[in-house]
Amino acid sequence: MSVRVRYAPSPTGLQHIGGVRTALFNYFYAKSQGGDFLLRVEDTDRERYSEESLDDLYQTLNWLDIKWDEGPIVGGQYGPYIQSERFDLYQKYAKMLVDNDMAYYCYCTPERLEKVREEQKANKSSTQGYDRHCSNLSAEERAEYEKQGIKPVIRLRVPTEGKTTFHDVLMGDITRKNKDVSPDPILLKSDGFPTYHLANVVDDHLMGITHIMRAQEWIPSGPLHIILYKAFGWEPPIYCHLPMVMGKDGQKLSKRHGSTSVRDFREKGYLPEALMNYVTLVGWSYDESTEFFSKEELEKVFDINKIHKAPGIFDYKKLDWFNGQYIRKLSDEELKEKLIPYLVRASFINEEITDEQNAILNQLIPCVKPRLKVLSDVVGLSSFLFTKPEIADKEMFIAKKMDLQSTTKALIKAYEILKTGLDKDLPFEEIENEISNLATEMDVKVNGVFTPLRVALTSSNVSLPMNDTVNLLGKEECYKRIERAIEMLEGEL
RNA sequence: GUCUCCUUCGUCUAGUGGUUAGGACACCGGGUUUUCAUCCCGGCAACACGAGUUCGACUCUCGUAGGAGAUGCCA
């Protein structure tokens with residue numbers, strides 16, 4: 001039997017790291033087995049639904065280059081894989097259950113349910129959830145409610161005796177007493193939309209899903225779903241509950257831990273390859289040492305049995321490291337293309353790049369490459385080039401064991417050396433040597449003379465190598481900046 | 001509260017009865033370097049605890065503790 005799995009997100013927010021990892025595991029499993037990966041949109045929560053989320057779902061999968069074999073048609077056209085488009089179907093199946101007395105109409109108001117919950121809590125009652133108030137209404141009672149215009153929900157009749165077991169590929173058998181299964185959960189809401197439980201089971205069955213890979217937070221409803229399958233007389237698929245992705249404090253990964261949406265990572269300048277590589281390594285591993293995997297490799301090598309059981313903490317620093325590694329693997333040309341949007345956004349350059357700018361970019365890229373953790377870092381690293389920086393505070397010019405006077409003197413002399421050297425077109429190495437010699441002559445550390453030079457040119461203590469900085473800025477601009485700095489320092493004397 | 005699941009370095013993990021418990025990130029040190037990075041070398045650091053089973057347990061069993069998740073007309 002060919003494997004068919006699905007990713008079935010609900011468009012109620014931006015695609016989350018955890019969700020995407022589920023998608024990836026499903027996708028890689030399908031591909032590794034030569035099976036199909038389906039995408040299904042579970043938009044049954046009309047209150048939380050948003051168009052933006054749906055859009056984000058497509059963008060995210062697209063960015064990661066995850067293609068579904070079956071799913072909604074992109075481009076405004078709704079397909080058969082969007083639950084809101086299958087509205088009538090769920091009605092039909094819910095009513096079928098009612099007809100077989102596997103489910104029943106319930107007219108309880110949300111207020112009453114809330115009250116029941118509160119009382120249970122107050123009494124520290126061990127029984128919890130719905131009190132099955134409507135489970136045995138007579139035809140007359142129902143008619144009375146209907147007359148009042150109350151729109152009923154449909155609830156599943158969960159057995160109170162016995163127990164239900166399901167098998168999980170990772171966890172083994174999981175058994176729950178039926179009395180501990182959430183009592184008579186709602187299948188069809190009063191607005192006619194199905195809840196997750198119904199829609200999920202109906203669709204997975206109709207779509208011929210063979211394996212359900214979803215987050216471990218679903219384990220407790222596993223038995224419930226088995227009961228539902230039984231009520232329909234269907235064979236349940238194979239389950240595989242995935243360990244969850246947590247934040248540093250061990251709680252479910254959320255905003256307070258940092259970025260959680262793929263869109264955030266994309267905007268900051270993480271490469272899809274890096275994010276994908278790292279994310280699939282949370283809760284899965286191939287062997288004792290391999291950690292770089294391309295999407296194509298994962299499609300071959302992914303093994304469901306090597307998924308971990310315990311939840312994993314999302315390590316932002318390791319992601320950064322991966323991203324740096326992937327950035328360094330890029331050719332200069334590739335990196336340039338990826339960096340341009342960030343430079344444009346920072347208003348450093350325009351979309352249409354002049355030949356002159358292009359030449360500068362070609363110089364800049366290799367300088368910046370070993371220094372990028374994320375693509376957006378390029379902005380900070382190159383702002384000295386594209387903007388006229390505020391002249392730095394005088395303290396910044398002064399290196400350790402130096403004072404204002406010696407610093408000013410060093411800068412003036414270093415400037416002379418630099419200027420004559422550049423004007424004579426000496427190799428930069430030679431100029432640097434001379435400047436180093438100057439330090440020796442002045443009996444100060446090399447830092448004492450290079451620091452003021454660096455700060456004069458970039459207004460920062462941290463910069464690209466001097467050679468690159470000078471090349472990038474051009475002679476004339478360098479002179480201007482150094483003269484400006486000297487003037488400022490002399491004014492302070 | 002109740003139910004379910006989980007437990008190897010700080011983090012991600014390898015390991016399936018006999019290993020100096022391996023790798024990676026982070027961290028610390030060193031080298032390259034005028035700064036910041038990159039790169040290279042080295043170091044620190046773990047089997048939650050307690051009972052069994054066994055000649056022998058990180059590996060098997062049972063308890064304990066800790067953590068997480070579920071307990072919605074959300075998924």
Side-chain angles (χ1 to χ4, degrees), chain A residues 8-10 12-13 19 42-45 47-48 106 108-110 113-114 117 120-121 123-130 151-155 168 170-171 174-177 179-183 185-191 193-197 199-200 214-223 241 243-244 246 248 250-252 278 281-291 306 308-322 324 328 367-373 377 381 399 432 435-436 439 445-451 453-455 458 460-466:
Chain A
S10 144
T12 54
E42 307 216 327
D43 58 344
T44 56
D45 182 347
E47 303 217 344
R48 295 198 304 154
C106 164
C108 293
T109 61
L113 297 175
E114 181 58 28
R117 257 192 299 272
Q120 284 168 348
K121 218 173 163 185
N123 301 339
K124 297 196 168 158
S125 162
S126 63
T127 58
Q128 54 189 142
Y130 184 52
K151 289 246 186 297
V153 302
I154 292 178
R155 287 182 183 272
D168 183 279
L170 265 19
M171 308 294 172
I174 294 172
T175 302
R176 218 173 157 178
K177 294 192 188 96
K179 73 176 175 62
D180 292 328
V181 172
S182 138
I186 293 173
L187 261 21
L188 204 69
K189 308 178 212 177
S190 55
D191 64 2
F193 276 90
T195 59
Y196 171 83
H197 303 302
N200 198 257
R214 45 136 71 154
Q216 276 174 4
E217 56 189 328
W218 289 107
I219 288 180
S221 20
H241 286 91
M244 306 217 295
M246 313 302 240
K248 192 121 196 113
Q251 317 264 115
K252 242 171 149 174
Y278 174 64
L281 252 23
V282 178
W284 180 84
S285 65
Y286 175 68
D287 62 12
E288 66 282 352
S289 57
T290 315
E291 31 183 23
K306 303 208 80 177
H308 237 231
K309 290 195 216 175
I313 292 172
F314 190 82
D315 185 349
Y316 289 88
K317 287 196 169 168
K318 186 139 189 184
L319 205 215
D320 282 349
W321 177 78
F322 264 109
R328 260 154 251 134
C367 299
V368 116
K369 197 195 257 180
R371 278 163 251 262
L372 295 174
K373 278 214 275 271
D377 285 344
L381 286 168
E432 275 182 327
I435 296 176
S436 300
K445 295 222 167 182
V446 268
N447 252 338
V449 11
F450 277 102
T451 297
L453 213 45
R454 175 186 341 282
V455 174
T458 66
S460 167
N461 277 321
V462 175
S463 78
L464 300 180
M466 192 63 67

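Just so we're on the same page: letters track the sequence lines, and every chain starts at 1. Only heavy atoms go into these numbers, but all of them, side chains included; no hydrogens, no water, no symmetry mates.
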*Applying a 3.5 Å limit to both distances, which nucleotide forms a Watson-Crick or G-U wobble pair with B:C58?*
none
*Measure distances between side-chain N and O atoms of A:R328 and base N and O atoms of B:U38, and say whether any donor-acceptor pair falls under 3.5 Å.*
no
*asked:* Strictly by Watson-Crick or wobble contacts shorter than 3.5 Å, is anything paired with B:U4, and which nucleotide is it?
replied: B:A68
*asked:* Side chain of A:I313, heavy atoms from C-beta onward: which of B:U38, B:A70, B:U11 has the nearest atom to it?
replied: B:U11
*asked:* What verdict does the ring pair (Phe, Tyr, Trp, His ring centres under 6.0 Å) test give for A:Y316 and A:W321, after you've listed the backbone C-alpha separation in whole Å, the side-chain angles of each residue and the deciding distance to 0.1 Å?
replied: CA-CA 9 Å; A:Y316 289 88; A:W321 177 78; over 10 Å; no
*Nearest-nucleotide pick for A:K318, side chain only, options being B:A14, B:U34, B:A24*: B:A24
*Is there a donor-acceptor contact under 3.5 Å from the side chain of A:K306 to the main chain of A:Y286?*
yes
*asked:* On the side chain of A:S190, is there an atom forming a donor-acceptor pair with the base of B:C73 - under 3.5 Å, no angle test?
replied: yes
*Starting from C1' on B:A37, measure out to CG on A:N461 and report it in whole angstrom.*
15 Å
*At under 4.0 Å between heavy atoms, what does A:P243 touch on the DNA or RNA strands: base, sugar-phosphate, or nothing?*
nothing
_The side chain of A:D315 is closest to which nucleotide in this list: B:G69, B:A75, B:C25?_
B:C25
_For B:C74, the Watson-Crick or wobble counterpart (both distances under 3.5 Å)_ = none
_For B:C39, the Watson-Crick or wobble partner whose two distances fall under 3.5 Å_ = B:G31
_Nucleotide nearest A:W218 when distance is taken to its side chain, options B:C36, B:A75, B:C73_ = B:A75
*For the side chain of A:M244, counting heavy atoms from C-beta on, which of B:A68, B:C73, B:A75 is nearest?*
B:A68
*Run the salt-bridge test on A:E47 and A:K189 with the 4.0 Å N-O cut-off and return the result as yes or no.*
no
*Which one, B:U13, B:G72, B:C74, comes nearest to the side chain of A:D45?*
B:C74
*Under the 3.5 angstrom rule, does the side chain of A:D168 hit a backbone N or O of A:H241 as a donor-acceptor pair?*
yes
*When the P atoms of B:U64 and B:A75 are considered, how many whole Å apart are they?*
37 Å
*Which whole-number value in Å describes the distance from A:L187 CG to B:G72 C1'?*
14 Å
*Indicate, with a heavy-atom threshold strictly under 4.0 Å, whether A:K252 touches base, sugar-phosphate, or nothing.*
sugar-phosphate
_Of A:F322 and A:S10, the one whose closest RNA chain B nucleotide lies more 5'_ = A:F322
*asked:* Of the options B:C74, B:C6, B:C12, whose atoms approach the side-chain atoms of A:V282 most closely?
replied: B:C12
_A:Q251 side-chain proximity, nearest of B:A68, B:C6, B:U4_ = B:A68
_Value in whole Å for how far the P atom of B:U11 lies from NE2 of A:H308_ = 13 Å
*Is the distance from OP1 or OP2 of B:A14 to the nearest side-chain N or O of A:S285 less than 4.0 Å?*
yes
*Which pair of non-hydrogen atoms, one from A:T44 and one from A:P194, has the smallest distance, and what is that distance?*
CB-O, 3.4 Å
_Identity of whatever pairs with B:G10 - Watson-Crick or G-U, under 3.5 angstrom_ = B:C25
*asked:* Using a 4.0 Å heavy-atom cut-off, does A:S460 contact any base of the nucleic acid, only the sugar-phosphate backbone, or nothing at all?
replied: nothing
*Would you mind pulling out the nucleotide paired to B:G63, Watson-Crick or G-U wobble, both distances under 3.5 Å?*
B:C49
_Quick check for you: among B:C6, B:A14, B:A75, whose closest atom lies nearest to any side-chain atom of A:T44?_
B:A75
*Residue A:R48, side-chain atoms from C-beta onward, closest of B:A75, B:G15, B:U13*: B:A75
*With distance as the sole test, does A:R176 use its side chain to make a donor-acceptor pair with the main-chain N or O of A:P220 at under 3.5 Å?*
yes
*asked:* Judged by each residue's nearest nucleotide on RNA chain B, which is more toward the 5′ side, A:V462 or A:L170?
replied: A:L170
